Enquirer: 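Sharing a structure below in C-alpha cells format, with a few things to ask.
Just so we're clear, the structure is a prediction, and the values are computed from it rather than from any experiment. Computed over heavy atoms, backbone and side chain alike; hydrogens, waters and symmetry mates excluded. Below, read A as the first sequence line, B as the second, and so on, with proteins coming before strands; counting in each chain starts at 1.
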2 protein chains.
Amino acid sequence: MTTVVLADDHQLLRQAVRRALEDAGFAVLGEAGDGEEASNLAGRLQPDVVVMDVTMPVLDGIRATRRIRELAPGARVVMLTMHGEESLLADAIDAGASAFLTKDCSLQEVVKAVRSAADGDVMLSPDLAASLLDQFRDPAADTPAPSPLTKREEEILQLVADGRSTTEVARELFISAKTVKNHLASIYVKLDARDRTQAVLSGVRMGIVHLR
Amino acid sequence: MTTVVLADDHQLLRQAVRRALEDAGFAVLGEAGDGEEASNLAGRLQPDVVVMDVTMPVLDGIRATRRIRELAPGARVVMLTMHGEESLLADAIDAGASAFLTKDCSLQEVVKAVRSAADGDVMLSPDLAASLLDQFRDPAADTPAPSPLTKREEEILQLVADGRSTTEVARELFISAKTVKNHLASIYVKLDARDRTQAVLSGVRMGIVHLR
DNA sequence: GCCAAAATGGGTCCCGAGACCTATTCCCGG
DNA sequence: CCGGGAATAGGTCTCGGGACCCATTTTGGC
C-alpha cells in the first residue's frame, strides 16, 4: 500500500486532501504544518509520497523538498501551489519534486498526481508545463530579432567575436583589410557600438553572434 | 470513451501499443505509418489522444504535432521516443505534446500517459524531466566557475564590458589609467585573452561578467 | 533595364590599447 | 616576521583600430 505524508499550513486543506487520498486507498501516515515538521516526519516515517505546499512557515516547500531528498531518499514529493507561483516550478523540479499542481485543481488531480509520483513519473498541469518552457526559453530565440546587419557583416562580426584581428579576418575572407574596416564601421553604426567589443556584445545579446 | 490514433513507422510497436490500449478500454480509431498520415488521420477522426513516435518518415513527430494542434485542436499528443533523443523533449512540449516517454518504458506507462493526456495533464518520465532542466539550465550557473580574477579585476572587466574605455574606467574608479591597463594585462593572462574583446567574451562565458 | 544597397578597395590621421619593465604600499597567511 | 600577491602608479614604444574622406563593381529587387 502506498503511504503518504501531508504538509500544508492550512488544516482545512490537509483534511480535504487526506479524505480524498484515503478514499483512493492511500495510507496517510501523518500531517505537518510547516516544512521543518514535514521533512522530519518524512525522515521518520519514510513514506512513498509527500504532498506539500510550496509556501509554508519555517521552511518553504522547495527547501523542505531538498531536505526530504536527503532524509527520505525513497520519497517522491508532490507540490501544491497557489496561483502566481509559477516561477517556483523550475526550482521545485530542480529540488526533486515529482509533481507540481495549482491548488485550484480537483482533488482527483491530486490523487492522480500521488499515484503517478508513487510510480515514479513526473506530472504537471498543462498550463504549468507551458510556463516552464516560457521561463527557460531564450527571450531572443522567439523574437528572431531581424538582424540589421547584412550577411557579410554578420560573418565578419562572428569572426571578430572568435578572436580574429582585422587583418586575420581579411586573410580568412580573401578581402582587403580596408574592406573589413569598412564593414566594421557600418556594423558600429547599425549596432550603435563604439568599438568591436561593444559590437560583439550587442551581437551576442541579439543572437546574431554565437559564443564558441 | 476515450479515442486514440496511433502513429509509428514500426508496425510491431503499433500492434503492441494497440493491444495494450484496447485492453485498457480505449478505442483505437486508426493507425498511421508516418507523420503526414498521422496528422491527416487526426484531422479526420478528431481523436482525444494521438500516440506518436518522434522519428517518423515524411513528417517528423514534432512537426506532425504542430499540424495536429491545428487540424485537431482537441487532440492531446503523447510522444514516444528512442533513447538519446532527449534534446527533442523541449521542442516536443513546445509543439504542444502532453507526454514524452522513452520507448523502453512499459506498456502500462503508455496507458497511463494516454489517460493523463486525456485528462489534460502533462506527464514525463522522471529522467526526462531532469534532462529538461539540464538543457535549460545555464551551464555557468551550477558551476559557479571559481573566477581566477581578483575582485578589482572583475570590477574592471565588468566596466569594460559595459562599454567603458580605459580612461573612463580609471575616472570611474578614481585610479590612474595606467593601473587600469595593468589590471587588464593581468586579466588577459589569466583569461588567456589577447584583447578586451576576448577577455569580455571569456568573462561572459564564465559567468563573471553580466550583459546589460 | 535601372536604381539602391551591398561589397569591394584606397588614403590619411591619430589616439587608444597592449607589450614590457620597474617601483611602492598594503595586507594576509604561513 | 617575512614573503608573496594585490593594488597602486610611472614610463616608453609600437601597432591596430576607428573616424572621415573617397571610388568602383556587383547584386538584387522592382
Enquirer: Output the rounded distance in Å from CD (E154(A)) to C1' (dA6(C)).
Expert: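 Taking atom C1' of dA6(C) as the reference, CD of E154(A) is at 13 Å.
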
Enquirer: CD1 of I187(A) versus P of dT8(C): gap in Å, rounded?
Expert: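 Nearest whole value for this atom pair: 12 Å.
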
Enquirer: Using only side-chain N and O atoms of S186(A), determine if any of them is under 4.0 Å from OP1 or OP2 of dA6(C).
Expert: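 Result: no.
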
Enquirer: For the side chain of H183(A), counting heavy atoms from C-beta on, which of dA7(C), dA9(D), dG9(C) is nearest?
Expert: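 Minimum distance to the H183(A) side chain belongs to dA7(C).
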
Enquirer: Are I187(A) and L184(A) side-chain neighbours, meaning at least one heavy-atom pair lies under 4.5 Å?
Expert: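 Yes, at least one pair of side-chain atoms sits under 4.5 Å.
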
Enquirer: Measure from CG on L149(B) to P on dA7(D) and round the result to the nearest Å.
Expert: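 To the nearest whole Å, that distance equals 10 Å.
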
Enquirer: Determine the sole option in V4(A), V110(A), V114(A) for which the side-chain contact (heavy atoms from CB on, under 4.5 Å) test with V17(A) is passed.
Expert: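 With V17(A) as partner, V4(A), V110(A), V114(A) yield a single side-chain contact (heavy atoms from CB on, under 4.5 Å), made by V110(A).
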
Enquirer: Using a cut-off of 4.0 Å on non-hydrogen atoms, how would the nucleic acid contact of T179(A) be classed: base, sugar-phosphate, or nothing?
Expert: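 It contacts base atoms.
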
Enquirer: Which letter, B, S or -, goes with each nucleotide of nucleotides 16-30 of chain D from 5' to 3', with contact meaning a protein heavy atom under 4.0 Å?
Expert: -BBS-----------

Enquirer: Take the protein atom CG of L173(B) and the nucleotide atom C1' of dA7(D), then report the distance between them rounded to whole Å.
Expert: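 About 12 Å, once rounded to whole Å.
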
Enquirer: In whole angstroms, how far is the C1' atom of dG16(C) from the CZ atom of R171(B)?
Expert: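 Checked: the CZ to C1' distance equals 13 Å.
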
Enquirer: CZ of R63(B): more than 12 outside heavy atoms within 6.0 angstrom?
Expert: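 At most 12 heavy atoms, drawn from other residues, nucleotides or ligands, come within 6.0 Å of this atom.
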
Enquirer: Inspect the contact between R14(B) and D8(B) and indicate whether a charged nitrogen and a carboxylate oxygen are less than 4.0 angstrom apart.
Expert: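 Salt bridge absent between D8(B) and R14(B).
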
Enquirer: Within this structure, what is the CZ-to-C1' distance between R152(B) and dA9(D), rounded to whole angstrom?
Expert: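 The distance from CZ of R152(B) to C1' of dA9(D) comes to 13 Å, rounded to the nearest Å.
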
Enquirer: Looking at E168(A) and R194(B), is there a salt bridge between them, counting it only when a charged N and a carboxylate O are closer than 4.0 Å?
Expert: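 Salt bridge present between R194(B) and E168(A).
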
Enquirer: Do the side-chain N or O atoms of T150(A) get closer than 4.0 angstrom to the phosphate oxygens (OP1, OP2) of dA7(C)?
Expert: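 For dA7(C), OP1/OP2 do have a side-chain N/O of T150(A) under 4.0 Å.
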
Enquirer: Going by atom types only, do T166(A) and R196(A) share a side-chain donor-acceptor pair under 3.5 Å?
Expert: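 T166(A) vs R196(A): donor-acceptor pair found between side chains.
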
